[in-house]
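Okay, structure first, notes after.
Read the numbers this way: they start at 1 and go in the same order the structure lists the ligands and their atoms.
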Amino acid sequence: MVVQEFFHLPVFLFLLALLHSVSTQYNSDTREVSIFGMMLQNHIFKTITGAALSDVCLLECYRDVRCQSFNYVFTQDKCELSDRTKEARPEDFVPNSERYYFRRDMKRAHLGAIPELPADSCKEIKSSEGGQAVSGKYWLNFIKPDTPVLAHCDMKTEGTFDLKTNGRSGRFGIKQTFTVTRTTCYLIRAWGARGGTHSYNYGDSRGTYYGGKGALKENNFFLNNGTVLNIVVGQRGGDSVEVVGGQSTNKTAAQLGVSVEDNAGTGGGGGSFVYTEDNVLLLAAGGGGGASGGYNGVDGQVGSNGTRSVGKASSQARNGGTDGQPGECNSEGASYHGGVGAGWLGQGCTRLGTSHGERGGSLAQGWIGGRAGGMNSGNNGGPAPGAVGGFGGGGGGSEDNGASGGGGGYSGGGSGTHSNQAGGGGGSFCSGQSCSGLTGGNSNDDGLVQIIEFLG
Ligand SMILES: *[C@@H]1O[C@H](CO)[C@@H](O)[C@H](O)[C@H]1NC(C)=O
Ligand SMILES: *[C@@H]1O[C@H](CO)[C@@H](O)[C@H](O)[C@H]1NC(C)=O
Ligand SMILES: *[C@@H]1O[C@H](CO)[C@@H](O)[C@H](O)[C@H]1NC(C)=O
């Protein structure tokens with residue numbers, strides 16, 4: 001353990017322990033040499049002017065427990081003290097012709113070892129301290145904003161487990177499991193996936209329209225050693241791949257650029273879910289709706305309900321699901337409806353035919369995404385998988401002259417009928433108090449589930 005457990009001791013013992021902990025955490029580097037023509041940027045917490053020699057900076061650095069390194073600006077007799085080293089932040093170590101960089105050579109506290117010097121992640125501590133970083137408790141500042149929290153860092157896993165799509169894309173994914181190995185508190189974050197993109201260069205509103213972004217939802221959970229969590233990581237909804245006039249292509253949507261059919265749908269993004277072996281839901285983060293001609297998809301929602309689809313004609317929009325239900329049943333016979341996003345409690349109603357987008361699958365269907373309408377599905381000579389709904393319950397996009405899919409989530413996003421209807425965003429869920437999250441909080445395409453182990 002790097003930090004002593006001193007919280008329950010009387011005050012004088014507390015001070016002794018603090019002194020002890022500090023004195024044992026200084027590392028014993030041999031004298032560093034200054035590095036000419038380089039500086040560490042973005043971590044300067046104090047500047048001192050009138051320093052005729054760099055030794056002044058070194059003395060100032062020794063005086064401040066936060067000081068990890070300094071830049072000496074020899075053209076201006078100035079010291080810049082930083083609370084990071086170049087090892088912790090190699091990306092911020094940059095050439096500068098007016099400066100020297102110098103890492104504190106003596107009595108440098110390990111990053112995260114004291115509350116004045118909280119680390120941004122366990123990984124950062126490992127970078128900063130190299131071989132001297134051992135698993136144990138450290139002060140981290142990312143668990144609660146602006147408040148250092150003493151947390152466990154496992155230097156093998158770096159304390160953070162990122163569960164991703166494992167290279168999968170489209171409708172099919174796999175449910176993963178995560179086994180808890182320590183009885184403690186965990187911060188779990190889930191991000192839903194983005195809906196598909198639609199691009200075209202003729203007709204009305206030509207241009208590129210983007211799928212809604214996935215939502216973020218997070219909370220702390222106290223979990224017992226041995227608990228097994230089911231993890232579903234939402235996958236991005238598919239882009240439209242149908243080309244003008246229904247002609248065949250083997251190109252991907254990205255290769256096609258702005259030349260796809262103006263009115264075909266795209267897939268809704270999958271939601272991300274975390275639930276126990278007994279199907280007790282801990283977290284769900286909604287996926288974004290698929291884009292359509294002239295309209296971006298709706299973002300995955302931080303609230304529990306999915307949203308309505310959006311588009312040219314409001315009479316052709318359909319509602320998102322509420323309180324764990326899929327998007328509103330869409331049974332319009334006209335060309336063509338999109339597939340609704342699945343909710344935690346079930347999938348939507350059956351599509352009217354293979355030209356329409358298919359509903360996304362829920363828990364009972366293994367979260368499989370909905371198929372795309374025929375000519376937009378990759379069966380028309382076009383690239384697979386076409387405008388499918390993303391794994392995680394995203395609805396599929398219809399073929400030409402139809403709507404895009406809704407996002408999967410705690411409640412599914414709605415999907416409209418007819419063309420120029422972008423999909424609604426899925427809703428989110430979190431059990432327990434002090435949940436937080438953000439509508440459209442995922443800036444990446446695919447979903448992600450992050451599990452951070454800590455001892456609050
Ligand atoms: C968690 O449980 C396993 C299996 O019972 C045990 O081997 C392991 O030591 C436990 N972990 C901790 C941190 O107690
Ligand atoms: C698409 O690929 C298939 C299989 O390689 C090929 O038979 C077909 O001719 C291709 N179509 C086009 C339009 O290139
Ligand atoms: C979700 O929708 C239901 C039904 O319209 C409503 O009663 C509830 O307040 C909504 N929930 C939120 C969080 O907006």
Side-chain angles (χ1 to χ4, degrees), residues 1-3 5 122 134-138 150-161 177-188 190 192 212 214-229 271 273 276-277 281-289 298-310 314 317-330 340-346 348-349 362 393 406-415 423-441 451-456:
M1 294 292 145
V2 166
V3 174
E5 290 191 57
C122 298
V134 294
S135 296
K137 287 190 225 168
Y138 293 90
L150 195 55
H152 183 83
C153 282
D154 180 327
M155 288 305 169
K156 270 197 204 119
T157 62
E158 293 160 357
T160 299
F161 304 88
T177 58
F178 177 84
T179 304
V180 168
T181 58
R182 177 189 298 271
T183 299
T184 186
C185 208
Y186 292 81
L187 169 63
I188 309 184
L216 162 66
K217 199 80 178 178
E218 65 179 53
N219 198 11
N220 295 327
F221 298 92
F222 189 83
L223 301 173
N224 290 315
N225 187 7
T227 302
V228 177
L229 298 176
F273 302 84
T276 68
E277 285 181 301
L281 184 63
L282 301 185
L283 275 182
V298 183
D299 288 343
Q301 302 292 300
V302 72
S304 56
N305 294 339
T307 75
R308 197 171 164 82
S309 65
V310 291
S314 62
R318 292 293 181 274
N319 291 323
T322 60
D323 303 324
Q325 299 296 333
E328 181 182 357
C329 181
N330 200 335
V340 297
W344 169 248
L345 299 174
C349 59
S362 180
Y410 175 63
S411 307
S415 62
S428 300
F429 174 88
C430 168
S431 76
Q433 310 292 312
S434 65
C435 295
S436 57
L438 194 61
T439 293
I451 300 178
I452 299 164
E453 184 184 70
F454 72 99
L455 310 171

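Closest to atom 5 (O) of ligand 3, if we only count protein heavy atoms, is T322 CG2, 4.1 Å. Among protein heavy atoms, the minimum distance from atom 7 (O) of ligand 3 is reached at D323 OD2, 4.8 Å. The protein heavy-atom contact nearest to atom 9 (O) of ligand 1 is N225 ND2, 4.8 Å.
Taking 4.5 Å as the limit, some side-chain heavy atom of T183 sits within range of a side-chain heavy atom of F222. Side-chain contact between E218 and S436 is present, with at least one heavy-atom pair separated by less than 4.5 Å. Under the 4.5 Å side-chain criterion, counting only non-hydrogen atoms from C-beta, E453 is in contact with T181. Contact annotation: the side chain of F178 approaches that of F161 to within less than 4.5 Å [non-hydrogen atoms, C-beta and beyond]. Side-chain contact between T439 and V302 is present, with at least one heavy-atom pair separated by less than 4.5 Å.
Atoms of ligand 1 found under 4.0 Å from any heavy atom of T181, numbered from 1 in the order shown, are 1 (C), 11 (N), 12 (C), 13 (C).
For atom 1 (C) of ligand 1, a protein heavy-atom neighbour is found at a distance under 4.0 Å.
For atom 14 (O) of ligand 3, the nearest non-hydrogen atom from the set N305, V302, N319 comes from N305.
Under the 4.0 angstrom criterion for non-hydrogen atoms, S304 is in contact with ligand 3.
There is a side-chain donor-acceptor pair under 3.5 Å between N319 and R308.
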